[in-house]
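Below, all heavy atoms of this structure are taken into account, side chains as well, without hydrogens, waters or symmetry copies. Order of the sequence lines fixes the chain letters, A, B, ..., with proteins taken first and strands second; residue numbering starts at 1 for each chain.
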Amino acid sequence: KQEVTQIPAALSVPEGENLVLNCSFTDSAIYNLQWFRQDPGKGLTSLLLIQSSQREQTSGRLNASLDKSSGRSTLYIAASQPGDSATYLCAGGHSGGGADGLTFGKGTHLIIQP
Amino acid sequence: DTGVSQNPRHKITKRGQNVTFRCDPISEHNRLYWYRQTLGQGPEFLTYFQNEAQLEKSRLLSDRFSAERPKGSFSTLEIQRTEQGDSAMYLCASSLASGLQETQYFGPGTRLLVL
């Protein structure tokens, strides 16, 4: 059974800093890895998806990497802004057929101090 | 706004009552997922449809939970005889089956409180 762990559970940094959020998973037979953002009381917004054959994906100030052999993914946020404050969730997809859904970590609660 | 809508957004009910939630996916998406999220946890996968076929339901939490997607468009999730432990956010997601590039898009969720 896939287990996903996110470290740290919470992070508070001053505006402008670059930061890294970590995600580890136990089953390397991962199909893809998706990073989401969740604002309080809201649904999830997809940020980046990395296919199992890829090493990284970039979107604006965000860069996500995937290392299947070590069971790790990182989300790098450059030049952080107060609007980046949210909970960030990583999730592993399996089989490609949807049968297992996504397996989520508990998230990293990020606060960017103005 | 991802294009996935859920109704109602909030539901308060008394223990023992039945509740039904609706999800309208992005129109061209053939896959639809239901998840449950409790406070401080990531979403937990419940069930999955491809078109109108429910291809995975063993992860539904008990036989009090059931889901339908009668015409391959909207879906409903029903909880019978609700219990206080059912209080959670119920999230729906949809996707277009496209191999490795399949991205799930989530709705805003329905927050259930069972008194």
Side-chain angles (χ1 to χ4, degrees), chain A residues 1-10 21 23-25 29-55 57 59 64 66 68 86-109, chain B residues 1-7 9-10 23 25-26 29-51 53-60 67 69 88-111 113:
Chain A
K1 178 186 174 185
Q2 178 75 270
E3 293 185 5
V4 178
T5 303
Q6 292 188 246
I7 295 173
L21 307 182
C23 172
S24 62
F25 46 92
I30 203 164
Y31 199 71
N32 56 39
L33 193 291
Q34 216 169 330
W35 281 92
F36 294 89
R37 167 189 174 135
Q38 187 172 32
D39 292 287
K42 302 292 180 63
L44 280 65
T45 301
S46 179
L47 299 173
L48 289 164
L49 179 145
I50 312 175
Q51 300 173 19
S52 60
S53 58
Q54 297 176 324
R55 295 298 301 269
Q57 281 286 335
S59 176
L66 175 64
K68 286 183 61 177
T87 296
Y88 290 80
L89 295 152
C90 72
H94 314 280
S95 78
D100 291 329
L102 292 173
T103 301
F104 282 85
K106 293 183 178 181
T108 294
H109 181 53
Chain B
D1 183 0
T2 63
V4 179
S5 62
Q6 292 187 245
N7 289 287
R9 295 291 306 277
H10 299 89
C23 171
I26 294 171
H29 284 185
N30 56 353
R31 290 182 174 173
L32 188 147
Y33 304 80
W34 285 98
Y35 293 82
R36 183 182 79 157
Q37 186 178 26
T38 54
L39 201 61
Q41 303 294 315
E44 173 187 13
F45 169 66
L46 296 179
T47 189
Y48 147 70
F49 292 85
Q50 178 143 331
N51 300 311
Q54 189 173 14
L55 299 185
E56 173 57 55
K57 56 182 178 181
S58 67
R59 306 275 283 276
L60 287 168
R69 193 183 184 197
M89 173 82 90
Y90 291 85
L91 294 161
C92 170
S94 71
S95 69
L96 181 63
S98 56
L100 293 170
Q101 278 291 349
E102 180 182 352
T103 297
Q104 292 188 25
Y105 295 89
F106 281 76
T110 294
R111 185 170 295 280
L113 177 61

Tell me, which pairs form a salt bridge (charged side-chain N to carboxylate O under 4.0 Å, His left out) where one or both residues lie in residues 38-48 of chain B, sequence neighbours left out?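 Of all non-adjacent pairs touching residues 38-48 of chain B, those that pass salt bridge (charged side-chain N to carboxylate O under 4.0 Å, His left out) are R36(B)-E44(B).
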Name each donor-acceptor pair under 3.5 Å that joins a side chain in residues 40-50 of chain A to protein atoms two or more places apart or in another chain, with its distance.
from, atom 1, to, atom 2, distance (Å)
S46(A), OG, Q34(A), NE2, 3.1

Please name the pair of heavy atoms, one in L89(A) and one in G42(B), separated by the smallest distance, quoted to 0.1 Å.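 Shortest heavy-atom contact: CD2-CA, 4.1 Å.
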Short question: side chain of Y35(B), backbone of L102(A) - any donor-acceptor pair under 3.5 Å? yes
Name the member of A93(B), P43(B), G40(B), G109(B) that forms the most heavy-atom pairs with chain A at distances under 4.5 Å.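 Maximum pair count with chain A is reached by P43(B).
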Quick one: which of T103(B), L46(B), L91(B) has the most heavy-atom pairs under 4.5 Å with chain A, could you say? T103(B)
Y88(A), OH: over 12 other non-hydrogen atoms inside 6.0 angstrom: yes
Portion of Q38(A) that has a non-hydrogen atom of chain B nearer than 4.5 angstrom: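 Side chain of Q38(A) only, per the 4.5 Å heavy-atom cut-off to chain B.
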Chain A contact via Q37(B) - side chain, backbone, both or neither, heavy atoms under 4.5 Å: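 Interface part for Q37(B): side chain.
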